[in-house]
Novice: 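The structure follows.
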Amino acid sequence: MGSSIGSIDGPSAKVDGATDEALMGQLSAGSHEAFDELVARYQSQVLTFCYAFMRNREAAEDVTQEAFLRVFRNSKRYQPVAKFTTWLYKIAANLCINELKKGKLRQNLSLDEPAGEDPEGTKIIERVASGNSSPLTEAERHEAQHLIGKAIDHLPDDQRTTLILVEYHHMQYQEIAEVLGVTVSAIKMRVKRARETLRETLKILQVHV
């Protein structure tokens, strides 16, 4: 990210091997080490998630930082009734939605713009592209990745974000439904339609999945 999230001063804590929920308990007591550990664990994933929503690197970075600042500010009110990641992604999703409502994003999209470990869903691309019956040549594989990357980029916002949560973040449908505030059946339909779009893209190259 352009500017990393800085440490928060506070008492030391033992963070190695601690659960996310335990770290939140330490953070609520003022532990800067617990906060740093949560950022280290999830900053890249949240950035990828925000970029999937917004398709704008600078905006995704800003929202990611704001999401973690809200985690810090609201640590005393956190209740571990759900997974920490569900709570974190829900914060990030609400921030992204608020930014998108302003109507200032998605004006300058670039497939070459990096964000996080896997911003364009290349792991999804490789998994789908490698699932065919005959091996692809290097040139065919490159072309498949390029075309599917475009297909992912042009998926409707809800389908693209849902697909990345399923395939990249390996989240369960119920958890995604909680994050995005929709039903599980809606999540299933989004994933189905997104995958159908990607398979249609592969058919252009006569690749069977």
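In this text, all values refer to a predicted model and were calculated from it rather than measured experimentally. If you read the sequence from its start, that first residue is 1, and numbering goes on from there.
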Novice: Dump the intermediate steps for side chain to side chain contact (heavy atoms under 4.5 Å, CB included) on L165 and R160, then the final yes or no.
Specialist: CA-CA 9 Å; L165 286 175; R160 184 185 61 251; over 6 Å; no
Novice: Report the distance from atom CG of L155 to atom CZ of R195, rounding to the nearest 0.5 Å.
Specialist: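 Between L155 CG and R195 CZ, I get 12.0 Å after rounding to 0.5 Å.
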Novice: R57 and Y51: which non-hydrogen atoms are nearest, and at how many Å?
Specialist: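 Looking at all heavy atoms of both residues, the shortest contact is N-CE1, 3.6 Å.
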Novice: Heavy atoms, side chains only, cut-off 4.5 Å: are Q45 and Y89 in contact?
Specialist: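 Yes; the side chains approach each other to less than 4.5 Å.
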Novice: When you measure from the side chain of S31 to the backbone N and O of L27, does any donor-acceptor pair fall under 3.5 Å?
Specialist: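 A pair under 3.5 Å: no.
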Novice: Can you check side chain to side chain contact (heavy atoms under 4.5 Å, CB included) on R190 and L163, steps first, answer last?
Specialist: CA-CA 8 Å; R190 291 178 185 181; L163 185 67; over 6 Å; no
Novice: Tell me, do V179 and M171 make a side-chain contact under 4.5 Å, heavy atoms counted?
Specialist: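 The answer is yes; the side chains approach within 4.5 Å.
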Novice: Suppose the criterion is salt bridge (charged side-chain N to carboxylate O under 4.0 Å, His left out): which pairs have a residue in residues 176-189, not counting sequence neighbours?
Specialist: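 Every candidate salt bridge (charged side-chain N to carboxylate O under 4.0 Å, His left out) pair involving residues 176-189 fails, so no pair, neighbours aside, qualifies.
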Novice: Do the side chains of M54 and V63 get nearer than 4.5 Å, heavy atoms only?
Specialist: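 They are in contact (side-chain heavy atoms under 4.5 Å apart), so the answer is yes.
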Novice: Under 3.5 Å, is there a donor-acceptor pair between the side chain of T162 and the main chain of Q159?
Specialist: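 Judged by distance alone, no pair lies under 3.5 Å.
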Novice: Nearest 0.5 angstrom please: Q174 CD to T86 OG1, how far?
Specialist: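 Answer rounded to 0.5 Å: 9.5 Å.
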Novice: Using the rule that Ile, Leu, Val, Met, Phe, Trp and Tyr join whenever any side-chain heavy atoms are under 4.5 Å apart, tell me whether I187 and M189 fall into a single cluster.
Specialist: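 In one cluster with I187: M189, no.
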Novice: Among residues at least two apart in sequence or on other chains, which ones pass salt bridge (Lys or Arg N to Asp or Glu O under 4.0 Å) with K192?
Specialist: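 Partners of K192 by the salt bridge (Lys or Arg N to Asp or Glu O under 4.0 Å) criterion, ordered by chain and then number, come out as E196.
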Novice: Can you name the residues that form a ring pair (Phe, Tyr, Trp, His ring centres under 6.0 Å) with Y173, not counting sequence neighbours?
Specialist: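 With neighbours one apart ignored, the set is empty.
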Novice: What pairs with A92 under side chain to side chain contact (heavy atoms under 4.5 Å, CB included), at least two apart in sequence or on another chain?
Specialist: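 Residues passing side chain to side chain contact (heavy atoms under 4.5 Å, CB included) with A92: V46, F49, C50, A67.
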Novice: Are the side chains of L23 and F35 in touch, meaning some heavy atoms are under 4.5 Å apart?
Specialist: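 Sidechains of F35 and L23: no contact.
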Novice: Do I91 and V182 sit in one hydrophobic cluster, given that two such residues count as connected whenever their side-chain heavy atoms are within less than 4.5 Å of each other, even indirectly?
Specialist: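 As far as the 4.5 Å side-chain criterion goes, V182 and I91 are connected within one cluster.
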Novice: Would you say the side chain of T64 lies within less than 4.5 Å of the side chain of Q43, judging by non-hydrogen atoms?
Specialist: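 Touching, per the 4.5 Å side-chain cut-off.
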Novice: Please identify each residue that fulfils side chain to side chain donor-acceptor pair (under 3.5 Å) with T85, with sequence neighbours left out.
Specialist: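 E175.
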Novice: Scan residues 17-26 for pairs that pass salt bridge (charged side-chain N to carboxylate O under 4.0 Å, His left out), counting only residues two or more places apart or in two chains.
Specialist: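 Found D20-R41.
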Novice: With no hydrogens and no angle check, is any side-chain donor or acceptor of T161 less than 3.5 Å from a backbone partner on D158?
Specialist: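 Not confirmed, T161 side chain does not pair with D158 backbone.
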Novice: Could you list the residues that satisfy salt bridge (Lys or Arg N to Asp or Glu O under 4.0 Å) with R70, not counting sequence neighbours?
Specialist: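 With sequence neighbours excluded, R70 shows a salt bridge (Lys or Arg N to Asp or Glu O under 4.0 Å) to E66, given in chain and number order.
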Novice: Check side chain to side chain donor-acceptor pair (under 3.5 Å) between T183 and all other residues, then give those that pass, not counting sequence neighbours.
Specialist: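 Expected list: S185.
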Novice: Given side chains that start at C-beta, do those of F84 and L38 come closer than 4.5 Å, heavy atoms only?
Specialist: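 Yes; the side chains approach each other to less than 4.5 Å.
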Novice: Under the rule for side chain to side chain donor-acceptor pair (under 3.5 Å), what residues qualify as partners of N74, not counting sequence neighbours?
Specialist: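 R77.
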Novice: Identify the heavy atoms of W87 and M24 that sit nearest to each other, and give their distance.
Specialist: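 Minimum heavy-atom separation between W87 and M24: CZ3-CE, 3.6 Å.
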